[in-house]
Protein chains: 2
Amino acid sequence: MSPKKIRPASAWRADPSALLRVEQGFVLADVDPDAPPGFDGGKAEGKAELLADAQLLSDKQERLFAASKGGAPDAVLLVLQAMDTAGKGGIVRHVVGAVDPQGVALTAFKAPTEEELSHDFLWRIERRVPDPGFIGVFDRSHYEDVLIGQVRHLAEEAEIERRFDAILDFESRLVDRSIRVVKVMLQISPDEQKRRLAERLDRPDKHWKFNTGDIDERQLWPDYQAAYQDVLERTSTEAAPWFVVPANHKWYARVAVQRLLLNALTAIDPQWPTADFDVEEQKARLEASSVEAVRA
Amino acid sequence: MSPKKIRPASAWRADPSALLRVEQGFVLADVDPDAPPGFDGGKAEGKAELLADAQLLSDKQERLFAASKGGAPDAVLLVLQAMDTAGKGGIVRHVVGAVDPQGVALTAFKAPTEEELSHDFLWRIERRVPDPGFIGVFDRSHYEDVLIGQVRHLAEEAEIERRFDAILDFESRLVDRSIRVVKVMLQISPDEQKRRLAERLDRPDKHWKFNTGDIDERQLWPDYQAAYQDVLERTSTEAAPWFVVPANHKWYARVAVQRLLLNALTAIDPQWPTADFDVEEQKARLEASSVEAVRA
């Protein structure tokens, strides 16, 4: 009954890693949240691509995990940032959810607790850096400390500057430890956000996803966009680049982030580790441990 | 392109929760690891059932998560124990992997670290108890402390006794906190373990899953079976029962554990929480926060 998986021809016409990457001179306001850069198709083709590549992502994740057992230091860290309703949760569910949960370390960062506030802002972040072999996922991240920090004036300008420096240092240390950092901002339009918030209000089974604060934050849209522009300009580095993913179409955002992850894993090119034991010797030991011997 | 999901008639002829539950007088040696209790079909039907119920499990998990946002205390804790190669990893990947990773808290317990050893054995366990709304999964658990503890004589008899008491106390506290505890032992035969270990040795892409210690533990099969018998007899309580799942057929073990989880969620019967805000008022606020207003 297991359906045969036939890989359809990919609908990618260009690599989204190149198209979506934040380079010098990037202007967030120029991003069209409705566009599907590099993808030659619509929702149906997007969903088919997501399904077809899920197994590939899963296979590469298993190799990454296996390689770490042989001592390879590599890991991946996917950082997700966006305005409310932009679809971070859908990325986690539909992209990350396709790989073995045993190889994923997901953290959803909320407003910091008292204990977290008693430490520097990176303290809680450092604790959640993925171990070798893992795909770490940050649903929100240390970037909140320079985004909401700026927009809501939660910190002085000098403190925000200090945090920017600390973030650049921190990420460069991650890269030195062979952690590939893939930073994604999902970009939706204010109109699309309105539609999504309206749906949450219309459907009783979606009320739990709605917070009155979402509308407060929405009122600050231009301020957040300015803060994101600042973050994207200052922290998209060669080693830890940002990708801005148009996200008015959920199918596009998902397939694009899947491809970014696939590219990161392809760049690592994890290999099955070689046995640290004598295979023939262990085969002989196993053979000797027959049922009779075991039950003896 | 998204395939229509047609729910085939279920192949369950009896509820595995009743059939697999450890009741008074249970004898582990009487369990046939090849049998598929309650299931009327083979591998094909098992895989179809797993696929068909994955969406159901995912839907119920979302409700559990949503309910917690409205203050419901409920959570589920799945405890997985077994001899090596019995398929704990496959359960995590193929059963738990079908639900939103955002609602799962998975912990794979390894040999305790120095820090963990400096605390009582339940210290590291307590820290990983699932929060309300979550499905917690323990891949190995506090039961190792009475299993390997006994078999390898890592602790005195009095200490083992103390641990049994502590475990019963601990689990009863979990149940008081509305955490449904589903304890599963996957039971394979020594022959099946031999086949699976041999496969790991035969395939270079499986070598990383093999540890020479697996054969050492295998030699102690009868001792482990006796220790499991002891654990099952003494800790299968009304509130936190054990289920012994025949696992020579991976497809059966997966569909059975899926059903045990579904039953736990059905018993909780989580409901969408009611809005803690005035829906009409928020709709009006959202309407007023038009794109123009936002961009103003």
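Just so we're clear, the structure is a prediction, and the values are computed from it rather than from any experiment. By convention in this document, chain letters (A, B, ...) are assigned in the order of the sequence lines, proteins followed by strands, and residues within each chain are numbered from 1.
- With respect to chain B, the highest number of heavy-atom pairs below 4.5 Å among A/Gln225, A/Arg63, A/Glu62, A/Gln271 belongs to A/Glu62.
- Considering only residues two or more places apart in sequence or on other chains, B/Asp32 meets the salt bridge (charged side-chain N to carboxylate O under 4.0 Å, His left out) condition with none of them.
- The distance from atom CZ of B/Arg196 to atom CD1 of B/Ile188, rounded to the nearest 0.5 Å, is 5.5 Å.
- Distance CG/A/Leu28 to OH/A/Tyr228: 9.5 Å, rounded to 0.5 Å.
- Chosen from A/Leu106, A/Asp139, A/Asp276, A/Asp214, the residue pairing most often with chain B at heavy-atom distances under 4.5 Å is A/Leu106.
- The 12-atom threshold is exceeded at NZ of B/Lys283, counting heavy atoms of other residues, nucleotides or ligands nearer than 6.0 Å.
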Practice prompt. Carefully, step by step, assess B/Glu217 and B/Arg152 under the rule salt bridge (Lys or Arg N to Asp or Glu O under 4.0 Å).
Written response: CA-CA 9 Å; B/Glu217 299 304 301; B/Arg152 291 264 175 205; 2.6 Å; yes
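- By a heavy-atom distance cut of under 4.5 Å, B/Gly89, B/Val92, B/Arg93, B/Gly97, B/Asp100, B/Pro101 are the residues of residues 78-101 of chain B near chain A, going up by number.
- If you take CZ on A/Arg218 and OG on B/Ser289, they are separated by 4.0 Å, rounding to the nearest 0.5 Å.
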Donor-acceptor list for residues 67-77 of chain A side chains, cut-off 3.5 Å, not counting sequence neighbours:
unit_1	atom_1	unit_2	atom_2	d
A/Ser68	OG	A/Phe65	O	2.6

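- Atom CG of A/Leu261 sits about 11.0 Å away from atom CD of A/Gln61, to the nearest 0.5 Å.
- For chain A, the nearby parts of B/Asp216 are the backbone and the side chain; heavy atoms of each come within less than 4.5 Å.
- Closest of all the heavy-atom pairs between B/Ala253 and B/Leu186 is CB-CD2, 4.2 Å.
- To the nearest 0.5 angstrom, B/Glu287 atom CD is 10.0 Å from A/Ile215 atom CD1.
- Nearest approach of A/Leu50 to A/Gln258, heavy atoms of both residues: O-NE2, 3.0 Å.
- Both the backbone and the side chain of B/Ser58 come within contact range of chain A, each with at least one heavy atom under 4.5 Å from a heavy atom of that chain.
- Contact annotation for residues 197-210 of chain A against chain B (heavy-atom separation below 4.5 Å, listed by residue number): A/Leu197, A/Ala198, A/Leu201, A/Asp202, A/Pro204, A/Asp205, A/His207, A/Trp208, A/Lys209, A/Phe210.
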